[in-house]
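One-based numbering along the sequence shown.
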Amino acid sequence: MHYSDTDERLEQIKSLLGMLSSSGKKFDIEKIKDAFLYASDMHEGQFRNSGEPYIVHPIAVAEIVAALGLDTDSICAAFLHDTVEDCSEKTNLDIISKFFGQDVAMLVDGLTKLVDMNIEDKEEAQMENIRRMLLAMSKDIRVIFVKLCDRLHNMRTLDAKPEAKRRTTALETMHVYAPLAHRLGIQRIKQELENLALLYLDPIGYAEVTNHIEEKYGQNRDFISNVRKSVSDELERYNLKFTLEGRVKTVYSIYRKMYNQSKEFDEIYDFYALRIIVETELECYTALGIIHEMYKSMPGRFKDYISTPKPNMYQSLHTTVIGRAGIPFEVQIRTREMHHIAEYGIAAHWKYKSGAQSREEIDNKLEWISRLIDTENENLAPDDFMHSLKIDIFHDETFVFTPKGDVIALPQGSTLIDFAYAIHSQIGNRMVGAKINGMIAPIDRCPQNGEIVEIITSASSKGPSRDWMKIVKTGEARSKIRQWFKKEKRSENIIIGRSDIDREIARISKNTTESQRTEIIASVAKRVGMQEADDLCNAVGYGGMPISKILAKLKEEVLKVVKPEEEVKIVEVEEVKTVAPPSNGKYGGIIIDGERGCAFKFAKCCNPLPGDSIIGFITKGYGVSIHKRDCPNVITGMKSEEFFHRWIRAEWDLSEVKQGNTGIYEAVIQIFADNDISVIANITAALADMRVSILQINTRKQGDDDVVVSLKFTCKDIGHFNSVVSKLRNVPHVNNIVRGFN
C-alpha cells in the first residue's frame with residue numbers, strides 16, 4: 001500500500017509507537033503503521049461531534065488497547081474498528097482481510113456487529129445485541145477488550161453528545177460494559193467507566209460525593225502519607241522488597257454504598273486504602289502479619305482472595321485496620337503478578353503469557369460465556385434473558401467449597417440446587433438432599449461464603465421437581481432443569497402446556513370448541529417455527545416458550561376462527577373502563593407486545609399518562625391492564641413467581657399520541673398544604689385558569705396545621721401533567737405535591 005505524507009501523518013501516533021517500543025514486547029510496527037494510515041484515509045473528511053477529525057478517536061482507542069498489553073492484531077483492529085461501518089462505500093471486510101489478515105478482519109467484524117444498545121428498552125432489540133456481543137466474545141475475547149477501550153474513550157468525550165444521547169450511553173455503560181469489565185477482571189477500565197457514567201446519570205449525587213471526599217481528605221490530608229511511612233519502615237525491618245500505593249475510594253463505589261446501601265459517609269470504613277505489592281505469595285502473608293501487629297484489625301473485615309480467587313482471576317489479601325485517631329483504612333496485599341491481573345484481568349495473559357497453554361487457561365476462565373450462550377440459545381423472553389444475564393454475569397459471587405476442597409463460585413442468592421447444577425447436570429438431576437458443614441439443610445437454602453456443601457444424590461431419584469424452577473436463581477440451573485423436562489417428560493409437558501394455552505384462549509374467547517382450540521394451537525405453532533401443536537404445548541409445559549410470547553398470536557388466531565357476534569361481551573367491573581379498539585382505526589395510543597387493537601385498561605393504582613414508561617398485565621377476563629413501570633404493584637408483581645409470566649411489553653403509539661387521537665387521561669395527585677381557608681379556592685382557581693377539568697377533589701386534615709388535598713383532573717400527557725403540577729406548586733400555602741393516591 002502507498003500512502004502520501006506518511007512521515008507527517010505518523011507524527012499523530014508518535015506517542016503510541018514510543019509506548020510499543022519501550023514495552024519490551026515484539027510488535028509488527030509496520031503493520032500497525034499501515035493500519036493507522038489506512039484508517040486515516042478511510043475517515044478522511046469525517047469529524048466527531050466535538051469538531052475534531054474522526055481519526056482522533058481510533059488513535060485514542062489504539063493507545064488504550066496498547067496500554068492493556070494486547071497484541072498487534074488488537075491494535076490494528078482498534079484503528080480499523082469503525083471503517084467497515086462508517087466507510088462502507090470505500091472498504092469492506094474482504095479488503096481488510098486482504099491487507100491485514102483474517103484475524104484482524106474477524107475482530108473488526110465482531111466489533112462492527114456490536115451496535116448501540118438502548119438499556120431503557122429491555123426488549124428484543126437489546127437482547128439481540130447482547131447475544132451478538134456474547135457470541136463475538138466466545139469466538140475471540142479480544143473483541144470485547146477492544147470494545148471496552150472504544151467505550152472508555154467515548155465516555156471520556158461524551159460532553160460533545162446531545163443530552164439525551166449522553167444519558168442513554170451512560171446507562172448502557174453502567175448496566176452492560178462496566179459489569180463486563182468487572183467480570184473480565186479489568187478493574188482499571190471498570191472503575192473509570194463507572195465514575196464517568198455516574199457523572200452523567202446523577203451529576204448532583206456525583207458532586208455531593210466528590211465534595212464529601214474532598215472535605216474528608218482535606219481534614220486528614222497527611223493520613224495516607226504518614227501511614228505509608230510507618231508501614232514502609234516496618235516492612236524494611238523484615239527485609240521485604242515491596243511497593244506501596246495509597247488511594248481513596250472511587251466516587252462511584254462510595255456513591256453505591258451511600259445510596260444503594262443507605263450508609264452515611266462516615267460509615268464507609270475503606271475510604272482510605274493502602275496497597276502493598278510484594279514478590280511472593282508467602283511474603284503476602286508475612287506482610288499481613290506485620291500489619292496486624294502494627295494496627296488493630298476490625299472483626300469480619302478480612303478476606304483471603306489468594307487461597308480463594310474470584311472467578312475473574314482476582315487475587316489479594318484484604319484487611320481493614322484502625323489507624324491514627326481511630327481512622328479505619330483498608331490494606332490490600334498482593335504479588336506483582338496478582339497486581340497486574342487485578343488491573344488488567346484476563347487481558348494480562350496477553351501481556352505476560354503466550355502460546356497454547358495461555359489460550360487454554362483463558363478458555364477455562366471464560367467458561368461462563370459458554371454457559372450463558374447455552375442459556376440464551378433457548379427461546380427465552382427478553383425479560384427472562386435479561387434476568388438470567390444480570391444474575392449470571394452482573395452479580396457478586398459467593399464462594400462455596402465441595403467436600404473435596406474445590407471452590408465453586410455462585411451468584412449471590414443462589415440456592416443449594418444451583419450449587420448442584422453448577423457441579424454437573426447429572427448431580428442436579430439426581431439430587432435428593434444436601435448437607436452444609438456436615439448438617440442436613442433444606443435444598444432451597446442459600447449457602448454462604450466458605451461453607452462446605454455436599455449434595456446427596458440417589459440413582460432412584462425421579463428427577464427435578466417443577467417447583468425447583470421457582471427456587472433456583474441462576475440461568476444455568478434453570479436451563480438444565482428445562483432440558484431435563486423437555487427430554488424426560490414430554491407427555492406430561494404436553495398436558496400441562498395444553499392446559500395453560502387453553503386457559504389463555506378462554507380468556508380471549510369463552511365460546512371456542514375443542515376442535516377450534518386445537519386448530520388455533522396448531523396455527524400458532526407453525527407461526528413460531530414448530531411442526532405440530534404438541535411441540536408448542538411441550539415447549540410451554542417445560543418452560544421453554546413463555547406463554548406471554550405467544551399471546552398476541554393466540555388472539556389473532558382466535559379472531560380468525562371465532563366470529564365477533566359469537567363473543568360474550570365482558571362487563572367491566574372496575575371504575576376505569578376497558579378501551580376497545582375504535583372503529584375509525586385508532587388504538588387509544590397503546591401497542592401491546594407489538595400489536596395494535598388489543599383491549600386494555602389503565603390501572604387505577606398509577607394512572608399512566610403518555611410519556612410514562614409503561615408495562616401491561618394480563619388480567620383474568622378484562623384484557624390487559626396498563627401500569628407505569630415504576631408502579632409499586634409492578635415492582636411487587638414482577639417479584640412474584642405466580643404472576644411474573646403475566647407481565648407483557650406495552651408502549652405508547654407515538655403516532656396516535658402526537659396526532660392527539662388518544663383523548664384525555666386521568667391524573668391523580670396529592671397536595672400537601674397549610675390548613676388555610678383559602679387553599680382550596682386557590683387550587684381550583686389555578687386549575688380553572690389552565691382550563692383543566694377537576695374530576696374529583698377530597699381533603700383531609702394531617703395534624704393540626706396541615707391538610708392533604710387528593711385531586712383527580714384531566715390531562716393530555718406527562719408534559720401537560722408536569723406543567724399543571726409546576727403551576728400548582730406556586731399556589732400560596734402549597735408545600736409539596738406527589739403523584740398518585742395513598
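Here the side chain of Asn722 pairs a donor or acceptor atom with the backbone of Ile718 at under 3.5 angstrom. Proximity of a side-chain donor or acceptor of Trp652 to a complementary backbone N or O of Ser613 within less than 3.5 Å is not detected. Listed for the Arg629 side chain is a donor-acceptor partner under 3.5 Å among the backbone atoms of Ile614.
Side-chain atoms of Val321 and Met294, non-hydrogen and from C-beta on, never get closer than 4.5 Å to each other. Side-chain contact between Asn195 and Leu199 is absent, with no heavy-atom pair separated by less than 4.5 Å. The closest side-chain heavy-atom distance from Val65 to Phe145 is not below 4.5 Å.
Shown here are the side-chain contact (heavy atoms from CB on, under 4.5 Å) partners of Ser307, two or more places apart in sequence or in another chain: Tyr285, Asp304.
Looking at Asp233 and Arg237, no side-chain N of the basic residue comes within less than 4.0 Å of a carboxylate O on the acidic one, giving no salt bridge. Using a 4.0 Å cut-off between a side-chain N of Lys or Arg and a carboxylate O of Asp or Glu, Arg228 and Glu245 do not qualify as a salt bridge.
Rounded to the nearest 0.5 Å, atoms CG (Leu193) and CD1 (Ile186) are 9.5 Å apart. A distance of 12.5 Å separates NE2 in His733 from CG in Asp706, rounded to the nearest 0.5 Å. Rounding to the nearest 0.5 angstrom, the gap separating the OG atom in Ser253 from the CD atom in Gln191 is 7.0 Å. In this structure, CD1 on Ile276 lies 10.5 Å from OG1 on Thr243, to the nearest 0.5 angstrom. Ile669 contributes atom CD1, which lies 5.0 Å from atom CD1 of Ile737 (distance to the nearest 0.5 angstrom). Here CZ of Phe242 is found 13.5 Å from OG1 of Thr286. Values are rounded to the nearest 0.5 Å.
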(message) Is there a side-chain contact (heavy atoms from CB on, under 4.5 Å) between Lys147 and Tyr177? Walk through the geometry before answering.
(response) CA-CA 9 Å; Lys147 184 62 180 177; Tyr177 290 104; 3.3 Å; yes
(message) If you apply the rule side-chain contact (heavy atoms from CB on, under 4.5 Å), what do you find for Asp674 with Val679, and how did you get there?
(response) CA-CA 8 Å; Asp674 299 330; Val679 70; over 6 Å; no
(request) Test side-chain contact (heavy atoms from CB on, under 4.5 Å) on His153 and Thr157 and set out the steps. (result) CA-CA 6 Å; His153 185 251; Thr157 57; 3.8 Å; yes
(request) Please step through side-chain contact (heavy atoms from CB on, under 4.5 Å) for the pair Phe302 and His318, ending with a clear verdict. (result) CA-CA 6 Å; Phe302 171 69; His318 289 196; over 6 Å; no
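Between Tyr255 and Tyr206, the distance from one ring center to the other does not fall under 6.0 angstrom.
Checking His292, Glu330, Gln332 one by one against Thr319, the side chain to side chain donor-acceptor pair (under 3.5 Å) holds for a single residue, His292.
In the model, Glu52 has a side-chain atom that pairs as donor or acceptor with a side-chain atom of Ser50 under 3.5 Å.
Cation-pi geometry between Arg167 and Tyr200 is not satisfied (NZ or CZ under 6.0 Å from the ring centre, within 45° of the ring normal).
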